[in-house]
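Notes to accompany the following structure.
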Amino acid sequence: MSRDHVQSAEHAVPGAATSGRARSGARPAPAGVETPFLELLARGAPAETYEQPVLLARAERQPAERIAALEQAKLLALRVRSELEGRRRREAELSALFETAHDLAGLRDLDAVLQAIVQRARSLLGTDVAYLSLNDPARGDTYMRVTEGSVAARFQQLRLGMGEGLGGLVAQTARPYVTDDYFRDGRFQHTRTIDTGVRDEGLVAILGVPLMLGHHVIGVLFAADRRARLFEREQIALLGSFAALAAAAIDTANLLAETRSALADLERANEIIQDRSGVIERASDVHDRLAELVLRGGGVHDVAAAVSQVLDGTVEFTEAAAAPARALESSRAEGHAVRHGDDWIAAVAAGDELLGALVLRGHPGLDPVDQRTLERAAMVTSLLLLARRSAAEAEQRVRGELLDDLLDARDRDPRLLRERAARLQADLDATHAVLAARLEGGATDADQEADARRRLWAAASHLAATRQGLAAARDGGTVLLLPLTPGDTATDLARRTARHLGTAVHEPVTVGASAPVERLTDRPDTVAAAYAEARRCLDALRRLGRSGDGAAAEDLGFLGLLLAGEQDIAGFVDRTIGQVVAYDERRGTELLRTLDAYFASGMSPARTKDDLHVHVNTVAQRLERIGRLLGGDWQSPARALEIQLALRLHRLSAGTPPAPH
């Protein structure tokens, strides 16, 4: 554990402990309860050892108050330990990627670089074994070039025929493939030689990604486990990035070999040596500048600015949707920058995922060295984007965990909740609205539905981060906690959120909002009650046929409670006033409007004619027609109540305003 981590832990545990004692009326914890846990944090002790101070206190029959304080300090220390472990893991991942890029920039020994790539890939993915195979055009087969974690000599010396095994499938399709049970997978050609080597090594789950040079697969980078395992999409993309680095290292080594051959064959050896030396120095200078920029914490636009200076042109980073589609796809497929008119396009990709492009403007003449510089910059940009995505996903998880605690953990310390919110730039003492959002698209299977929910959660999390709010996935949809600005209403916020999320995920999104709530930590059930209210509003909107719309509970009043159940709303409206609705639709009359105005005016024909601006005889004729359609008892108290309720439900489902009165 580094000194910075120890100091961070020493500050985190006592502060958290004192916040845990901030509840009204609680006694301060006995002094010194944090000390044993700080010592454990300082020496990086295993998680199970954190129970020892509590067990020792119990064995010594120490006061219950001190034991409780030790328990609380233990939990906080474990949380700090988990956070430190997560930071160390992320630092290790970024460090490995940057070290690999730096190794490539100063490539001297190809075997050492490939060995480092395989070692780091195994470490980052946490697999038992990692290995790299290369094609041998002279013998027409594939051989093991580098292995890490292997214990079987036969496996390390395997030579495979072209097209055989999982690697053959990867090479044929030029796409990553993964199997969670190698011997039961029939998608690729099994041979006795390969199966024997894999069985000797004890491998079960294997992931393979291609090493590409242009359109050609020159080898495969593998990560494998001796147990069943599912590799996540981010892990596949990460291994793909390492494969790209390995291919670039091999490509660079091939270029160096070609240079040496040319130097041996050409008569003007001194001139060629000087020229190549200048090229290498220039490339090394570019790579050093990019590495220094990354280590200083620069972003993708900083990379573009640095390359602009090197290439003496204008280099911009653009999103994939804004780049020329054909040129971008060609660059991604070939692995090289391609010319597009007077511009050059270099795809920024992670595995098969397009993240954007680096565009060199107005520079039609580009020598191979400058082209390779643009391509290297695109590779560094992809690493930065992956790192930024990991950081954003971590922040989204933290925001979701805080909202989950507000919804579920009602015994949380309000002061600790406020401190956590403040670190996320959220003010829990401000006026907020709780919103329940749900997709209305028709997913055809479970995978599509799960993907749609993930997209909705991602869009809601981004909106919450930009609005200084919180978001979490819940109950098949998403819940948001967003602040209300002065002059804003919960209804306006719900409608804006429905439009924003619908546009982001390209599907209708229905949003129900609670009434405004303040000082969310004063009562433990404040957020949970507001969420239940938002859910009832969401349910009411869907039953009213207003999917894809947004509304607040205050818009529906007591009808929100009525509509949240399983009632047949459409059937009730049709049975009660359906004949009047149908008559208006057929004849183009205004019986429904007259009926609404009649009840709104206290069942007074005189006031009804004033509200509708018609003659009283016209009102009488319309009421007579309504009586014939609804029956003679339509004005009795019981029938009148049902008719008024049906009128309001019909109006809400159509989104029309009430009659004037």
Side-chain angles (χ1 to χ4, degrees), residues 487 489-492 494-495 498-499 508 510 512-513 515 536-661:
T489 66
T491 301
D492 296 336
R495 289 174 178 168
R499 290 194 300 268
T510 306
R536 288 194 296 270
C537 182
L538 171 64
D539 191 40
L541 285 174
R542 300 178 76 192
R543 294 188 179 284
L544 287 169
R546 290 172 62 181
S547 296
D549 199 358
E554 58 193 13
D555 299 329
L556 305 179
F558 77 96
L559 290 175
L561 296 173
L562 174 66
L563 299 176
E566 297 295 331
Q567 291 85 352
D568 182 10
I569 304 305
F572 172 77
V573 173
D574 184 68
R575 289 191 300 270
T576 308
I577 59 172
Q579 294 189 51
V580 178
V581 174
Y583 190 92
D584 277 351
E585 290 175 350
R586 291 196 307 270
R587 304 294 182 89
T589 56
E590 293 187 336
L591 297 184
L592 201 65
R593 184 167 178 261
T594 301
L595 186 59
D596 202 3
Y598 180 63
F599 284 114
S601 63
M603 302 177 69
S604 168
R607 288 197 292 272
T608 301
K609 64 96 175 173
D610 292 335
D611 291 338
L612 297 177
H613 306 290
V614 298
H615 197 274
V616 69
N617 291 339
T618 302
V619 174
Q621 291 171 3
R622 291 180 181 178
L623 293 177
E624 183 182 359
R625 171 62 65 187
I626 291 170
R628 286 199 295 270
L629 292 171
L630 298 182
D633 65 337
W634 71 278
Q635 298 190 67
S636 66
R639 287 291 310 282
L641 178 61
E642 290 183 356
I643 292 169
Q644 290 180 72
L645 179 58
L647 283 170
R648 187 167 185 188
L649 291 173
H650 179 74
R651 188 167 63 246
L652 286 172
S653 64
T656 58
H661 59 279

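None of the values given here were measured: they were computed from a predicted structure.
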Open item on the list: With ring-ring contact (aromatic ring centres under 6.0 Å, His included) as the rule and sequence neighbours excluded, what pairs involving residues 576-611 come up?
Closed with: Tyr598-Trp634
TODO: Quick one: pull up OG1 in Thr608 and NE2 in His613 and give me the separation to the nearest 0.5 Å.
DONE: 12.0 Å
TODO: Any chance you could measure Thr576, atom OG1, to Leu641, atom CG, to the nearest 0.5 Å?
DONE: 10.5 Å
Open item on the list: Any side-chain to backbone donor/acceptor pair from Arg543 onto Leu538? Under 3.5 Å, distance only.
Closed with: no
- [ ] With sequence neighbours excluded, tell me which residues meet salt bridge (charged side-chain N to carboxylate O under 4.0 Å, His left out) with Glu624.
- [x] Arg628
TODO: Apply the side chain to side chain donor-acceptor pair (under 3.5 Å) test between Thr594 and each candidate in Arg625, Arg622, Gln621; give the one that qualifies.
DONE: Arg622
- [ ] Find the distance between CG (Leu544) and OG1 (Thr510) and round it off to the nearest 0.5 Å.
- [x] 11.0 Å
Open item on the list: Do Gln635 and Arg639 have side chains that approach each other closer than 4.5 Å (heavy atoms only, starting at C-beta)?
Closed with: no
- [ ] Please report the shortest heavy-atom distance between Ile577 and Leu630, naming the atom on each side.
- [x] CA-CD2, 4.3 Å
TODO: Search all heavy atoms of Ala490 against all heavy atoms of Ala513 and return the closest pair with its distance.
DONE: O-CB, 3.9 Å
Task: Nearest heavy-atom neighbours spanning Ala597 and Leu612 - done: CB-CD2, 3.8 Å
Task: Asp611 side, atom CG; Arg607 side, atom CZ - distance, nearest 0.5 Å - done: 8.5 Å
Task: Atom pair CG/CD of Asp584 and Gln579 - distance to nearest 0.5 Å - done: 12.5 Å
Task: Which residues share a side-chain hydrogen bond (donor to acceptor under 3.5 Å, both in side chains) with Gln644, sequence neighbours left out - done: none
Task: Over all atoms of both residues, closest heavy-atom pair of Ala552 and Cys537 - done: C-SG, 3.5 Å
- [ ] Would you check if His615 and Lys609 make a side-chain contact, meaning some heavy-atom pair closer than 4.5 Å?
- [x] no
TODO: State, yes or no, whether a side-chain contact exists between His650 and Leu592 at a heavy-atom distance under 4.5 Å.
DONE: yes
Task: Under 3.5 Å: donor-acceptor pair, side chain of Ser636, backbone of Asp633 - done: yes
